[in-house]
Amino acid sequence: TLHYSSHIYILISEILKEKTLKSSRRSLPCLAQNQIHPQSLSHFLSMPSVKDHYGEESEAVKTHYGEESEAVKTHYGEESEAVKTHYGEESEAVKTHYGEESEASAYKAGRTDESFLIQKPAIRAKLEARGTNLGQPSGLMFRDGKKRIDYILVYKKSSPLVEKRVTFKRNLRAEGLMLEKVPSLTNTDIMFVKIHAPWDTLCKYAEQMNIRMPFRKKMYFTDWKSKVMGRCRQIKSWLPRNPMKLDKEALPDLEETDCYTAPFSRARMHHFTINNKQTFFSNSTRSRIVHHVLQRTKYEDGKSKMGTELRYLYTLHSGKSRHPIETHGAQNHRHLLYERWARWGMWYKYQPLDLIRRYFGEKIGLYFAWLGWYTGMLIPAALVGLFVFLYGLLTMDTSQVSKEICEANTTIMCPMCEQNCKPWKLSDSCVYAKVTHLFDNGGTVFFAIFMAIWATVFLEFWKRRRAELTYDWDLIDWEEEEENLRPQFEAKYSRVERVNHISGKPEPFQPFTDKLSRLMVSVSGIFFMISLVLTAVFAVVVFRLIAMEKFASIDWEFVKKNWQFATSGTGVCINFMIIMSLNVVYEKVAYLLTNLEHPRTESEWENSFALKMFLFQFVNLNSSTFYIAFFLGRFAGRPGKYNKLFNRWRLEECHPSGCLIDLCLQMGVIMVLKQIWNNFMELGYPLLQNWWSRRKMRTEIQLPQWDKDWNLQPMNAHGLVDEYLEMVLQFGFITIFVAAFPLAPLLALLNNIIEIRLDAYKFVTQWRRPMPARATDIGIWHGILEGIGVLAVITNAFVIAITSDYIPRFVYAFRYGPCPFYRVICLRGYMNSSLSVFDMGERWNVSEEQSRYCRYRDYRASPWSSVPYDFTLQFWHVLAARLAFIIVFEHLVFGIKSFIAYLIPDMPKSLCDRMRREKYLMQEMMYEAELEHLQKERKNGRRYDYEWP
């Protein structure tokens, strides 16, 4: 058997040496995990240090038991102290308080892996030459200055839950965690518990959680494609540097140092390159492990769930530095993120996604990756929309429709109201007609088709980008572990249990009838809130009718002449205030309905809450827009027979040049105001809150990091729901009604450039550091985006066919125009053709000096015809053309979208080949490493009762 194994080992070695090998980029670097420079990486990988391994093991065991005894010793003292403090004995707390003040200066053992890796050797040499102390204490340690803080637990001394807290801390120590208590310097009622996970505990739970860790440098066979790409990179290096890329000198720890990864196993620990146990597990990995333990630790006998005290848990930020990074170097990852990501001066730079992921976790990293991808894809959409707008601006004075309206000095339009209004000249609305042409021109149809295709391309290429990120971040083989039940679900249904088919353990079960009844109540609540939205829209419609009548009959000549702008502008502002007021109500209702459903897990709760928030806010934001797009001016009637609301207010009419300008004004005002409000609430409000908290403290003491982070604002309870919701609603705004407002993508692009830096600044400086979580995609939001893309095709078809005047102009040019081909000159006479005649002699008692006839927008017969005011043949031609356009447009665009989605695979072929090749080489290298280990063991004289299979 040994001969056979040795033969296989030699054969594998020869195969691996047969071809030229090259490294490939992978964002889980061995360098960051083990503090090895790239030039010495191959040396460490090719020479595994067995001696160091066992030496470190014995030292770790020795330290572990020493720490364990110290932890047990401290445990009973801390428990008795907690009980004493609870009954009001504060002297020990005060004594501990002054003892803790010197804790920050106790750590003299050197910097962590962050500072070691961030600073280049050249920078470190310069700092040492200047006498800069590179071993400053980080303030993120226990009192001994050796054990790092992985998590902070906060509780109030006045809380009556002393027994549960004592039991919880005892069970945490039993799980292998180390605790250390310290009082707050800003609030005498607050107590912090530092939590540290020793090496053995980390290894134990890393194996249970199947955390993948690096074990060997990645190698790939070089083929002709790689050689060609290498030559292309050499040529590219001669070209001017892309100013949007981050300087690698600023991010030296993100160099291309790739490793194969495999699920961690204590039995095969010799496979992994462990050169420094303190940095083998990254900070985010340590936090995830500790959070995993906290979720599964009992705080009461017979129960296994998180208590209410666990709401006050957070991981620590790295300390902030006031020194510039150019002169003093980056102190830690937080400092680096602030200088190279969160500052406004970096608005044009790419985001350091690998560093974001390493500091905040994959879930937040994916959000910023999606936001950056969405913002980048907005650039072509914004440019095309700007070109369409500029086309309308350049052709505004040459537009035949605008010319006819501006020159219609003798065309008398019917009065806008029936009491104090008078007939008006069509030429009075010249400015309104020209502004309408900016958005309703020949480029509108092209831009609508372009945006429908753009939405598909954006989503398809995001799938490819997501696949690359999940590969780079080592999430391809990661499967989300079975989630714990929510404490509320467990408490509600603890009496009824059923065996879980995955874990095989009994767990609380929600009966189908109970689930159905709660779901029906929740759906009823959703419909009730939607009806409330429609009621608010109806109120805005009534306001517009009253405002139209008042503005049309006012004595102020400027307002009277521009009554359309005045009516639309005031209506939009009132509508915006109603929208923002109802959003506050909707959030509380969505939270209440989601809790009423009692979702089983946190992910189910988050998806249900996100869907409700999207439905509420989407209907709230777009209901008035749908009214203006598809109902405004459709049921107004005609002079002499107007339709009235409550037999009092005449329904609103469209301008002779069309209703599209009203829709454009509605979208522009709401989009701009909403973006300004959201940006203030995201950054301005937390800034004010944090400023007020610092003002209330008024302390001259240098606060430790846990006190500083406690006074920051916590990340909202909904996680990233609010962040995604804002962007998804914006995506709907720039796609659903983009035919009416081609500048929407440009406004969205400008907002998102600011949004990225606002969110970055908020996450780095204003919020507590969230628990690093893993995720492979953006969750339910991808399905919502695809649904919006489908809805956008339908709505844009209706906007072009019904809201704009594109189809009536098209029909007139080909059927009723003066020339047989569609040209600009063929629209001559269009305005006169689209206006009907009304005899107002009897109704308005017109004198002989005034014209007896007025014009109004419709296709109806003249009063002297055989059938007065009946629809003309042109009306039916236009109606048929509109319906035909909707059918053709939808089928054409849906066909193009489906074809593009078919052409673009979800995963690049090169990535598929790399994954397959990696899987093969990883198996071979694992087998080779095992053979190596067996041979060395046999040379040392160790005998086994079994052989390698």
- Would you please indicate if the ring centroids of W767 and F763 are separated by under 6.0 Å?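 Centroid distance W767-F763: below 6.0 Å, so yes.
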
- Item | Centroid separation W341 to F368 less than 6.0 Å |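 Centroid separation for W341 and F368: below 6.0 Å.
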
- Message: Would you call the rings of W370 and Y374 parallel, tilted or perpendicular, taking 30° and 60° as the class edges?
- Response: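 Because their plane-to-plane angle is under 30°, the rings of W370 and Y374 count as parallel.
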
Using a strict 4.0 Å threshold on nitrogen-to-oxygen distance, state whether [X] and [Y] make a salt bridge.
| X | Y | value |
| --- | --- | --- |
| E362 | R466 | no |
| R357 | D354 | no |
| E460 | K897 | no |
| E339 | R343 | yes |

- Item | Under 3.5 Å: donor-acceptor pair, side chain of D440, backbone of S804 |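 Answer holds: no.
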
- Message: Testing the basics here: between P772 and G361, what is the closest heavy-atom pair and its distance to 0.1 Å?
- Response: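 Closest pair (atom of P772, atom of G361, distance): CB-CA, 3.9 Å.
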
- Item | Residue pair R288 / A773: nearest heavy atoms and the distance that separates them |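 Residues R288 and A773, closest heavy atoms: CD-CA, 4.5 Å.
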
- Message: Just by distance, no angles: are the side chains of S284 and S287 close enough, under 3.5 Å, to form a donor-acceptor pair?
- Response: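 No, because no side-chain N or O of S284 sits under 3.5 Å from a partner of the opposite role on S287.
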
- side-chain hydrogen bond (donor to acceptor under 3.5 Å, both in side chains) assessment of N283 paired with Y359: CA-CA 8 Å; N283 290 338; Y359 191 76; over 6 Å; no

- Message: Looking at W344, I want to see if its CH2 is surrounded by more than 12 non-hydrogen atoms of other residues, nucleotides or ligands under 6.0 Å.
- Response: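 Yes - once you tally the heavy atoms of other residues, nucleotides and ligands closer than 6.0 Å, there are more than 12.
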
